[in-house]
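Read through the structure below, which is laid out as structure tokens, and then see the notes.
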Amino acid sequence: MALDLSPSEEQQQLIDAFAALYDKESSTERVRAAEPLGHDPDLWRRLRENGAVEMAVDEAAGGWGATVLDLALVAEQHGRHLGSAPMLEAQVAARTLARVGTPEATGLLEGAMDGGRLVTLALHPPRAGLLRMVPAGAVADAILFVDGGRLLVLEPGLGRIRVANLGSLPVSDVPVEGSRPVAEGPVVRDALEGALDEWLVLMAAAMVGPGARALEIGVGYAKDRHAFGVPIGSFQAVAHGLADAATALDGAQLLEREAAWSATEEPGRFRELAALAFGFCTDAARQASYRSLHYHGGYGFMLEHDIQLFWRRAKGWPAQYAEPDVAFGRAEACRLGMSGEEG
Amino acid sequence: MALDLSPSEEQQQLIDAFAALYDKESSTERVRAAEPLGHDPDLWRRLRENGAVEMAVDEAAGGWGATVLDLALVAEQHGRHLGSAPMLEAQVAARTLARVGTPEATGLLEGAMDGGRLVTLALHPPRAGLLRMVPAGAVADAILFVDGGRLLVLEPGLGRIRVANLGSLPVSDVPVEGSRPVAEGPVVRDALEGALDEWLVLMAAAMVGPGARALEIGVGYAKDRHAFGVPIGSFQAVAHGLADAATALDGAQLLEREAAWSATEEPGRFRELAALAFGFCTDAARQASYRSLHYHGGYGFMLEHDIQLFWRRAKGWPAQYAEPDVAFGRAEACRLGMSGEEG
Amino acid sequence: MDFRLGEAAEDVRRQARQFLEQHLTDEVKEKMHTTGVHHDWDFHRALSERGWVAPGWPVELGGQGYSVVEGLVMQEEFHQAGAPTYGVGTTMIVAGIIRRLGTPAQKELVIPRALRGEIIIVLGFTEPECGSVVVAAQTRAVRDGDEWVINGSKMFTTNAQEGDYAFMLTRTDPDAPKHKGLTTFLVPLRQPGVEIRPIRTLSGERTNLTFYTDVRVEDGLRIGEVDGGWDVMAVGLSLERAGAQGGESSRMLAALERWACTTPEGGSAPPASDPRVRARLGRAAAENEVSTLLARRSGWVQDSGALPGVEGSMAKLFASEAITRQSADLLDMLGPDGMRSEGDPTALAGGAAEYAYRFALGTTTYGGTSEVQRNIIAQRGLGLPRPR
Amino acid sequence: MDFRLGEAAEDVRRQARQFLEQHLTDEVKEKMHTTGVHHDWDFHRALSERGWVAPGWPVELGGQGYSVVEGLVMQEEFHQAGAPTYGVGTTMIVAGIIRRLGTPAQKELVIPRALRGEIIIVLGFTEPECGSVVVAAQTRAVRDGDEWVINGSKMFTTNAQEGDYAFMLTRTDPDAPKHKGLTTFLVPLRQPGVEIRPIRTLSGERTNLTFYTDVRVEDGLRIGEVDGGWDVMAVGLSLERAGAQGGESSRMLAALERWACTTPEGGSAPPASDPRVRARLGRAAAENEVSTLLARRSGWVQDSGALPGVEGSMAKLFASEAITRQSADLLDMLGPDGMRSEGDPTALAGGAAEYAYRFALGTTTYGGTSEVQRNIIAQRGLGLPRPR
């Protein structure tokens with residue numbers, strides 16, 4: 001055991017398998033077709049068929065027992081192809097149910113794994129009786145959320161309000177009426193914090209995708225497009241901006257992979273690293289997609305150019321939790337041994 | 001009366017007079033010679049002889065009645081030449097005493113104007129019996145400060161502790177023992193807030209100086225210094241950074257002049273504009289001096305190169321109050337009609 | 001030194017506000033929003049009736065004789081209110097060029113109708129392959145007797161679907177050095193061979209890609225000399241007056257300041273009670289004040305008869321980079337709720353930050369990219385050698 | 001994938017910590033601080049006795065046979081602790097070049113003494129007039145029988161006052177194209193004609209400007225071919241191994257984290273109770289983790305036998321820009337108190353941020369400016385055309 005930054009053979013197979021799936025089922029045409037809702041039922045069906053939910057659950061709970069690192073490698077592909085499917089939330093919700101382990105939770109988990117029900121989770125507690133901007137809330141069959149120390153579940157009916165949003169995500173506002181308890185006691189707080197850690201690191205991994213792909217598109221454009229007789233990539237104003245973005249993205253990928261790895265291999269650092277990775281990867285993806293878009297000149301501003309798809313999601317996807325500074329604060333609270341009041 | 005962004009004839013004379021004084025009495029050799037204390041008694045004497053304190057005080061209180069805009073134009077020159085003298089503090093303290101008008105204040109003001117005593121003011125209340133980082137505290141004969149709603153004065157004796165600092169300023173920590181009251185009641189809060197507004201706008205004006213001079217030095221170097229057979233200023237990485245700095249500095253000067261002008265001409269906006277100007281000018285000066293220093297390569301890092309003198313003061317001088325964000329918050333509180341709790 | 005704009009300018013401001021209150025109806029705004037078209041014929045005709053199509057022109061030529069700063073104040077109000085002025089703007093740039101360089105017949109044809117608000121002229125400089133380097137234009141114009149035959153395409157011909165003419169930069173001598181073989185024409189758009197393909201942008205605005213296939217234009221609509229198009233462009237640039245900056249930033253800030261003072265449902269204090277919120281709004285306020293001042297300086301320099309330097313470039317660069325920075329920051333400040341789209345009924349602060357975040361992207365590109373402005377400032381303002 | 005460094009590396013880390021505890025005494029640190037010299041003979045000899053002057057060299061050549069990552073871990077500890085290793089660093093770069101390219105006599109002369117910690121070799125590439133473009137070196141070497149006569153000057157010859165030799169790039173054929181007429185020598189520094197002018201830097205470190213007037217060096221101390229100096233430099237660059245990054249950043253963050261947890265006199269809560277403080281420290285923590293990971297990746301790539309790409313440039317660029325950004329931000333966070341100088345008894349957090357703010361300026365310049373690194377990354381990493 002020593003430093004090894006390459007995916008193992010198994011990990012590479014996993015990456016390749018999902019890359020192939022997304023190549024086929026999540027082209028930018030498909031991504032556009034799924035807008036504005038941001039949910040592509042065919043992609044989601046294919047992901048489920050390939051075990052996207054089952055893999056996330058421990059073997060003891062009937063799943064395939066993938067590590068968080070495995071899930072992060074898949075999330076990278078998900079982000080790279082802007083997958084219009086609530087995979088991250090479904091995975092984290094399923095893992096949370098397995099961890100809670102009450103009869104209600106187990107029942108919900110069975111539905112999620114075998115029954116094909118889409119269970120998601122709210123990242124923030126309700127305010128004034130309303131869960132706001134629930135990830136996948138517009139398409140979920142059930143929403144897990146925490147209120148007053150209890151874990152509850154809600155089957156959002158006609159009352160949910162779909163929210164059009166910058167990231168083309170199937171979020172919605174959902175009134176909490178009609179919710180029922182799933183668990184209570186200290187396990188709830190642990191489960192929620194653990195779920196948030198996992199969602200943060202998977203979103204961090206997902207952000208490396210649009211960042212890297214936006215950079216590739218930008219580099220390609222900078223090589224092809226000419227101004228004053230030379231490729232625009234030969235101007236330092238363009239080249240240096242892309243070099244900075246590439247550096248940040250390389251760092252971002254190392255950090256989210258380390259964070260995901262630590263979930264099982266160095267669990268004492270997981271919470272800190274997950275939050276650091278979320279903040280850093282979000283910034284890196286935004287920087288890369290903004291620069292790439294800007295260097296496209298007026299073309300980047302056209303809806304028909306793909307680059308805007310990446311730019312909008314780099315802002316919108318991670319914002320379901322909060323801005324990077326909130327995550328950096330969460331990480332620092334861990335480092336200083338404070339309780340996660342910022343979570 | 002209509003938009004006129006040129007100094008009037010009288011204003012230009014004022015600028016020219018002080019520019020000439022500083023040219024003679026505040027060369028970078030003199031500035032270096034006054035380090036680390038940052039106080040040049042000969043410069044200070046010449047400034048006093050030229051009425052630097054008297055001009056700041058209303059005619060009704062025995063002064064020459066310069067406007068805040070006049071003082072800002074002088075402060076620009078002060079900053080441009082990195083004047084090693086506590087002029088801003090002495091001016092603001094004198095104006096504050098005039099405004100307060102109690103017998104004690106009047107006595108102190110007389111000493112400041114005719115007696116040649118150096119009266120300064122603390123920008124922050126004492127904590128645990130100690131005034132911290134008092135501007136000009138290391139060389140002042142008297143320090144004004146506010147504590148518990150009272151305006152007090154202190155003659156710092158042997159107890160003061162000089163603090164070596166990044167900006168080469170004569171600041172010190174001063175125990176509050178032995179202070180005596182100057183005024184109390186609502187006038188104190190108004191006087192203090194008014195003094196802070198004035199200090200902020202004068203420091204904003206002072207920051208335009210090192211920013212502009214650092215930019216000139218950087219532009220000169222970028223024209224002269226060659227790399228790969230061409231002047232380094234022909235590389236976009238250098239040229240664009242300098243262009244951004246120049247733009248911010250032009251804006252900074254317009255903003256601090258507008259703020260200073262508003263003190264008499266549009267007093268309802270003065271508090272807001274003074275704080276906005278402080279924040280913006282501080283950022284602009286730091287950006288310009290950093291870039292200029294960096295483009296000097298290893299030379300910028302050498303103590304014997306002048307550019308570091310500007311870079312250190314752009315950080316250190318305004319920091320006597322706080323970082324830009326605090327001033328931006330103060331301004332916004334005004335805009336929103338909140339009481340200046342951030343002051 | 002005086003930062004007041006003066007009575008005359010403040011009077012223009014009052015009149016502009018009255019005008020906008022009357023003519024910038026919710027209906028007009030709603031139509032702009034749904035169509036993405038920043039031109040409205042009713043509004044345009046009202047402007048014309050008010051004599052405000054060319055406020056800076058001399059009275060005897062149909063203008064108001066406004067100073068540059070007075071015109072700027074009008075623009076400030078129009079931008080702040082979000083009025084549809086893009087069409088009249090491009091029309092009057094071209095009318096201004098024709099006023100200087102046009103033949104009597106051209107003046108007769110264009111100027112009265114432009115002043116009456118009857119026609120729209122769009123700009124046809126940029127091409128798909130040359131971006132902001134318009135000197136590389138490839139659209140061909142070939143003489144055929146008293147006519148010219150035009151073939152090619154133009155990018156970002158905003159309002160072409162409403163337009164009567166495109167003021168077009170064409171290549172008439174492909175063998176001459178780049179800037180020597182160009183000629184400008186006023187090309188009638190309502191004729192066969194003109195194809196208009198709508199393009200939607202991130203901010204919801206509509207622009208167009210236009211194709212020209214054997215399009216004919218009589219020689220009488222040629223502006224300037226044959227192969228003298230570059231000189232015509234230079235005159236156009238010299239007519240550039242100060243442009244108001246930061247209207248969208250001000251609107252965003254105003255909306256967010258209202259938000260900051262409102263305690264949210266289920267909350268215990270308004271957002272403004274958080275010092276982080278105040279600091280972020282305050283920084284935006286500082287930038288907006290600077291944007292306004294830089295634009296006014298540019299106007300003042302022109303009014304005072306001084307040779308304009310890089311003031312216009314600085315104003316444009318600063319304002320567009322500022323809205324890019326601040327919209328990203330303030331959108332983040334709103335948290336998850338900030339992502340609600342402008343137009344969604346649940347949007348925070350009317351979706352002002354979400355809209356500004358998309359809108360900002362155009363500002364650093366249109367009218368000369370930030371990189372081009374920095375080149376200009378470095379060379380003409382700082383005297384640095386030509387960037388490479 | 002495994003982010004553990006492995007037992008061997010962790011063992012190196014433990015040993016390094018033990019070593020530092022024993023040899024990096026307060027006295028050594030104090031001396032570094034007052035003199036600004038990042039070399040200490042006692043510490044240097046202790047390193048040599050421990051066999052750590054060339055930890056990455058094969059055991060049979062006097063090294064420890066450490067992998068690049070193991071060497072990096074050692075560096076991480078040494079940098080984090082602020083140990084004086086600059087002198088040994090430059091010495092062993094040159095010893096490495098001689099190991100590859102030197103004559104038997106040169107190896108005999110230099111390598112044993114270098115390994116025993118008896119000599120210091122400094123670098124003489126940069127010149128006052130050519131900055132980081134070392135290929136423009138003007139210092140002349142002219143043959144005179146079995147000797148060469150050197151005239152010129154070198155900038156930033158750090159540790160020259162302690163040094164035995166300068167490894168110097170000279171121009172031997174002024175008529176050849178720039179990179180063709182260069183030759184490298186090992187110039188003895190303790191001889192007449194060598195003048196050393198100390199230069200103080202913003203961070204308090206001492207470097208030198210050195211002048212060479214009719215300085216003599218025997219031909220036996222020429223490294224590589226006559227006019228083949230550029231090839232020697234290339235070998236030197238290829239020997240570059242991963243460098244630990246972010247030691248100073250980590251020290252600053254650790255100091256500020258201690259500050260954040262301490263309630264100040266007269267205060268009611270520790271600074272860490274403010275979410276703004278936590279966010280700012282957390283952002284620095286993220287950057288520091290990334291700096292460490294980028295440096296380790298660079299080491300891992302070399303250990304795994306892959307052809308190194310731009311990993312080293314990325315690690316260097318990122319870490320130096322990060323400390324520049326974060327020291328400015330964290331110094332601001334401390335408010336007025338942050339300005340207290342490192343070394344002042346009242347300084348906050350030991351003046352760590354104030355020192356880092358000055359120190360950072362050097363990092364974006366020395367060892368290749370950030371601009372040079374971005375050029376490298378753009379061209380070699382992204383395949384963009386040569387920047388202009």
Side-chain angles (χ1 to χ4, degrees), chain A residues 1-8 11 69 73 215 219 222-223 230-231 233-236 238-244 246-248 250-252 254-255 257-262 265-266 272-273 275-277 279-280 283-284 324-338 341-342, chain D residues 1-9 67 69-70 253 257 260-261 270 272-273 275-287 289-294 296-297 299-301 303-304 310-311 313-315 317-318 321 370-371 373-379 381-388:
Chain A
M1 294 213 299
L3 188 61
D4 181 2
L5 300 176
S6 312
S8 68
Q11 287 164 338
L69 179 55
L73 296 173
L215 179 69
V219 167
K223 288 178 186 171
V230 296
S234 63
F235 294 107
Q236 282 187 336
V238 173
H240 285 195
L242 293 170
D244 277 333
T247 302
D250 275 17
L254 287 165
L255 182 56
R257 286 180 171 187
E258 181 189 41
W261 169 87
S262 77
E265 304 301 316
E266 209 177 329
E272 175 204 343
L273 288 173
L276 292 180
F280 192 87
D283 276 342
D325 266 359
V326 174
F328 289 136
R330 177 180 170 91
E332 190 60 35
C334 280
R335 288 173 62 88
L336 300 178
M338 300 164 75
E341 61 196 271
E342 193 134 17
Chain D
M1 224 176 294
D2 193 347
F3 284 84
R4 273 180 211 91
L5 297 173
E7 254 323 296
S67 70
V69 167
E70 286 158 11
L253 180 59
E257 287 181 330
C261 292
S273 63
R276 286 176 291 185
V277 168
R278 293 201 296 278
R280 293 165 93 162
L281 293 173
R283 186 178 286 273
E287 289 171 347
E289 190 76 26
V290 168
S291 292
T292 302
L293 287 168
L294 285 171
R296 288 183 181 174
R297 178 180 66 157
W300 167 76
V301 165
D303 279 337
S304 63
V310 294
E311 295 85 5
S313 286
M314 283 185 168
L317 171 66
F318 185 85
E321 292 294 325
S370 290
E371 287 73 18
Q373 308 300 346
R374 292 188 186 104
N375 280 349
I376 292 170
I377 294 163
Q379 289 170 68
L382 302 178
L384 291 172
R386 194 177 180 77
R388 22 171 68 236

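Values in this document were obtained by computation on a predicted structure and should not be read as measured data. Convention: sequence-line order gives letters A, B, ...; per-chain numbering from 1.
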Nearest 0.5 angstrom please: [X] [atom1] to [Y] [atom2], how far?
{"X": "D/R297", "Y": "A/L3", "atom1": "CZ", "atom2": "CG", "result": "11.5 Å"}
{"X": "A/Q11", "Y": "A/L69", "atom1": "CD", "atom2": "CG", "result": "5.0 Å"}
{"X": "D/D2", "Y": "D/W300", "atom1": "CG", "atom2": "CH2", "result": "11.5 Å"}

Legend entry - Between D/L382, D/I377, D/T292, D/V310, the one whose heavy-atom pairs under 4.5 Å with chain A are most numerous: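 Of the options given, most contacts go to D/L382.
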Inset, instruction - Count the heavy-atom pairs under 4.5 Å between each of D/A285, D/A284, D/A9 and chain A, then report the option with the highest count. - result: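 Answer, by heavy-atom pair count under 4.5 Å with chain A: D/A285.
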Legend entry - Sidechain N-carboxylate O distance under 4.0 Å for A/E272, A/R335: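 A salt bridge links A/E272 with A/R335.
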Legend entry - salt_bridge(D/R296, A/E258) N-O dist < 4.0 Å: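 No, D/R296 and A/E258 are not salt-bridged.
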With only heavy atoms counted, which part of [X] is less than 4.5 Å from chain A, the side chain, the backbone, both or neither?
{"X": "D/E289", "value": "side chain"}
{"X": "D/E321", "value": "neither"}
{"X": "D/L281", "value": "both"}

Inset, instruction - Sort out for me which of A/L276, A/D4, A/D244 touches chain D most, counting heavy-atom pairs under 4.5 Å. - result: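 So the answer, after comparing A/L276, A/D4, A/D244, is A/D4.
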Legend entry - Chi angles and distances behind the side-chain contact (heavy atoms from CB on, under 4.5 Å) call for D/E257, A/E332: CA-CA 9 Å; D/E257 287 181 330; A/E332 190 60 35; 2.6 Å; yes
Inset, instruction - Name the region of A/A246, side chain, backbone, both or neither, that has any atom closer than 4.5 Å to a heavy atom of chain D. - result: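 Answer is both: backbone and side chain atoms of A/A246 are under 4.5 Å from chain D.
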